[in-house]
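This one's a predicted model, so the numbers in the text were calculated from it and none came from an experiment. For reference, positions follow the sequence shown, starting with 1. Note that these values count all heavy atoms, side chains included, but never hydrogens, waters or copies made by symmetry.
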Amino acid sequence: LITFAQYLQKCSYDGLSKLVKDVVDLAQKCVANEDAPECTKSLPSIFLDEICQVDKLRDSYGAMADCCSKADPERNDCFLSFKVHQPDFVQPYQRPASDVICTEYRDNRVSLLGHFIYTVARRNPFMYAPTILGLAADYEHALESCCAETDICACLDEKAAAIKAKAKKISVMQKYSCGILQKFGERTFQADKLALLGQKYPKAPFSEILKILQDIKGIYKECCEGDMVECMDDRAELITYMCSKQEVFSSKIKDCCHKPIVERSQCVIEADFDDKPEDLPSLVEKYIQDKEVCKSFEANHDAFLSEFIYDYSRRHPELSTQLILRVTKGYETLLEKCCKTDNPAECYANAVEDLNKHIKETQDVVKTNCELLAAHGEADFLKALLIRYTKKMPQVSTDTLLEIGKKMTDIGTKCCQLPEDRRLPCAEGYLSIVIHDMCKRQETTPINDNVSHCCSDSYAYRRPCFTAMGVDTKYVPPPFDPEMFSFDEKLCTASPAERDLGHMKLLVNLIKRKPQMTEEQIKTIADGFTAMVDKCCKQSDIETCFGEE
């Protein structure tokens, strides 16, 4: 149902039920006789063949029907390109009224949960099937507990808000993971996941981590390609394997492993990092002092670096995966240079200081921004970000700049209040997602050369690249337009929030006209704006006052 709803987003629940029945019937048939001719097809082609047999596909979907004439796997890529995230023609899920919902649930459980799954899937065509099933399980638990309450409606509202927030967060993460896999390829994707696995399961041996890393890569590939049944099946298998060896992996997944299969996987994925082993030896001996370093590195480049990522990440749960990859890249560059010299050991003797530069850069960025936020508050922090980012990319629309600024401010508010050891991975992790969204936009509407360089150069260095980006020197400001500075009495009746928004837009538009403005000049004008509004709104002839000021 999820797979069909995600490909055929305009189809009704009953219309899809027929397709679902066809595939389920085929599955039953193939269980009975695996050698039957139609049982040899791959799962994706079974689904797409079924879609391509739909009557009048072109009437509802137009050009999407042309995908059917392509061969696999191009046919699937073609269908994926037509998926629309949260399309206008699909309303968000509306649960039945609270006076009937509990009887509905009791008498028609399958249909009630089916409609929920159907709506979530067609609204979120990229969300992984196991996740949607997990949300349906959350919804069912909410019904079970709320139907016993006196105020069913209030109880469900509260639970629904939590489920929505969870869905949104997971959806963002999944789109991002697929984006990184598509943009930077399997090697980068695996390195990033390897760093996370090392942090999460620091007690697990390297061989076990590598095994589940391969499985995880396969699961993401399947889910990102819309192969939801295969993805769900493989994910269930992986989690069953991990639960069968939980003493090897982590002490934190015990409670998860008692849950039913659908809830188990999300629970394992969201489990906390395990405590790292007490007595991990320093890495200096193995990766710097060891005489065989260059030999091991040259013998198998990637295997050696993978082990470095594992060793490094299990010791550093307080760093972001991107930072761990930068440290690894720094180490790789050093070895490439030093192993060519007559005395490699002497050449990389300062490795530790070199690698710590990367860490210091990131810690300083987090520290500076968190201090700025604490000292000046959200409004001024947002203004500082808007000034900074408008100078970096003055070509971006004012609304988009405000949206990015707000997202970054939210990240600051969310991450800066965390304990020291969670701050950095929180901040850089979320910033990487915002930057990735910006880079997706850059692909369709190019911003400038600096942005395009930062977006495609290196996954691990994306955030420092944006941080270090200077004023766009090739930018030619649009001619001065006095219309931009026409104010009217609306400013006087505006709510504080609207007034702030007007203030911010003015700020951004000003910098777009004069990218070289100094902080002092900006401050003078901003203060002038506030003073002008205060003064003119007291006058009888507001318009004239604004004109003069």
Side-chain angles (χ1 to χ4, degrees), residues 1-9 11 16 19-20 23 26-27 39-54 57 61 63-87 117-118 120-135 167 170-193 212-239 265-266 269 433 436-437 439-440 443 459:
L1 176 63
I2 293 170
T3 307
F4 282 126
Q6 289 180 323
Y7 279 107
L8 298 172
Q9 292 172 276
C11 232
L16 290 181
L19 304 182
V20 172
V23 174
L26 178 65
C39 298
T40 53
K41 288 198 296 194
S42 73
L43 268 173
S45 54
I46 289 174
F47 280 97
L48 296 181
D49 287 349
E50 191 67 37
I51 289 170
C52 287
Q53 284 162 12
V54 171
L57 189 64
Y61 294 96
M64 187 170 100
D66 296 332
C67 297
C68 291
S69 60
K70 294 183 170 15
D72 290 333
E74 287 74 30
R75 177 170 66 154
N76 188 43
D77 296 338
C78 177
F79 272 110
L80 291 180
S81 69
F82 282 95
K83 284 187 172 188
V84 186
H85 180 62
Q86 300 201 336
I117 289 169
Y118 159 74
V120 174
R122 60 197 287 242
R123 266 183 72 76
N124 301 283
F126 299 102
M127 194 185 272
Y128 307 166
T131 302
I132 297 179
L133 293 176
L135 293 169
I170 297 173
S171 166
V172 166
M173 289 304 296
Q174 290 178 346
K175 261 179 80 174
Y176 169 71
S177 291
C178 292
I180 299 306
L181 182 56
Q182 279 150 5
K183 172 93 179 150
F184 293 101
E186 290 184 13
R187 185 174 180 263
T188 299
F189 180 81
Q190 278 179 277
D192 192 56
K193 284 283 176 266
I212 65 170
L213 178 63
Q214 282 308 319
D215 294 342
I216 288 169
K217 182 198 75 182
I219 290 166
Y220 272 97
K221 256 188 83 117
E222 287 160 354
C223 263
C224 294
E225 286 165 7
D227 185 359
M228 294 301 174
V229 176
E230 205 66 88
C231 167
M232 174 189 70
D233 198 35
D234 289 344
R235 181 160 121 165
E237 212 173 303
L238 168 67
I239 301 294
S265 46
Q266 200 60 40
I269 291 166
I433 296 177
H436 181 70
D437 281 347
C439 290
K440 287 294 288 177
E443 286 171 19
Y459 167 68

Item to complete: Please step through side chain to side chain contact (heavy atoms under 4.5 Å, CB included) for the pair K183 and E443, ending with a clear verdict.
Response: CA-CA 11 Å; K183 172 93 179 150; E443 286 171 19; 3.8 Å; yes
Worksheet item: Sequence neighbours excluded, which residues qualify as disulfide (SG to SG under 2.5 Å) partners of C11?
Response: none
Worksheet item: Should R75 and D72 count as an ion pair when the cut-off is N to O under 4.0 Å?
Response: yes
Response to the item:
d(F79 CZ, S81 OG) to nearest 0.5 Å is 9.5 Å
Worksheet item: For K83, does the NZ atom have more than 12 heavy-atom neighbours from other residues, nucleotides or ligands under 6.0 Å away?
Response: yes
Item to complete: Provide the closest heavy-atom pair for Q266 versus I170 in the form atom of the first, atom of the second, distance.
Response: NE2-CD1, 3.3 Å
Practice prompt. Answer yes or no: is the gap between the SG atoms of C67 and C78 smaller than 2.5 Å?
Written response: yes
Item to complete: Of all the heavy-atom pairs spanning N76 and E225, show the shortest one and how long it is.
Response: ND2-O, 2.9 Å
Item to complete: Indicate yes or no for a side-chain donor-acceptor contact from D227 to the backbone of L43 under 3.5 Å, with no hydrogens or angles considered.
Response: no
Fill in: Reported CD1-to-CE distance for the pair I2 and M228, which is rounded to 0.5 angstrom
8.0 Å
Practice prompt. Considering non-hydrogen atoms only, spot the tightest contact between H436 and G179 and give its length.
Written response: NE2-CA, 3.6 Å
Discussion item. So K193 and S177, do their side chains get closer than 4.5 Å, heavy atoms only?
Written reply: yes
Practice prompt. Please report the closest heavy-atom contact between N124 and S171, naming both atoms and the distance.
Written response: OD1-OG, 4.4 Å
Worksheet item: Where is the tightest heavy-atom contact between L57 and C68, given as atom of each residue plus distance?
Response: CD2-SG, 4.0 Å
Discussion item. To the closest 0.5 Å, what do you measure between CD1 (I219) and CG (D233)?
Written reply: 9.5 Å
Fill in: Step-by-step side chain to side chain contact (heavy atoms under 4.5 Å, CB included) determination, L133 to I117
CA-CA 7 Å; L133 293 176; I117 289 169; 4.1 Å; yes
Fill in: Heavy-atom closest pair, residues Y128 and C224
OH-SG, 3.8 Å
Fill in: L26 side chain reached by I46 side chain, heavy atoms, under 4.5 Å
yes
Worksheet item: Checking Q9 side chain against P125 main chain: does a donor-acceptor pair fall under 3.5 Å?
Response: no
Fill in: Evaluation steps, side chain to side chain contact (heavy atoms under 4.5 Å, CB included), between M173 and I269
CA-CA 12 Å; M173 289 304 296; I269 291 166; over 6 Å; no
Practice prompt. For the residue pair L48 and K41, establish whether any side-chain heavy-atom pair is separated by less than 4.5 Å.
Written response: no
Worksheet item: Going from CG on L80 to CZ on F126, what distance comes out if it is rounded to the nearest 0.5 angstrom?
Response: 7.0 Å
Worksheet item: So how far is it from E237 CD to M232 CE, rounded to the nearest 0.5 Å?
Response: 11.5 Å
Practice prompt. May I have the step-by-step check of disulfide (SG to SG under 2.5 Å) for C231 and C223, ending in yes or no?
Written response: CA-CA 5 Å; C231 167; C223 263; 1.9 Å; yes
Item to complete: Return the set of residues passing ring pair (Phe, Tyr, Trp, His ring centres under 6.0 Å) with Y459 (not counting sequence neighbours), or none when no residue passes.
Response: F184
Item to complete: May I have the step-by-step check of side chain to side chain contact (heavy atoms under 4.5 Å, CB included) for E50 and L8, ending in yes or no?
Response: CA-CA 11 Å; E50 191 67 37; L8 298 172; over 6 Å; no
Fill in: Gap between atom NE2 of H85 and atom CE of M127 - 0.5 Å precision
8.0 Å
Worksheet entry | Contact check, side chains of F4 and V23, non-hydrogen atoms, under 4.5 Å | yes
Worksheet item: Does the ring pair (Phe, Tyr, Trp, His ring centres under 6.0 Å) test come out yes or no for F189 and Y220, once each step is laid out?
Response: CA-CA 10 Å; F189 180 81; Y220 272 97; 5.2 Å; yes
Item to complete: Answer yes when K221 and E186 have at least one side-chain N-carboxylate O distance shorter than 4.0 Å, and no when they do not.
Response: yes
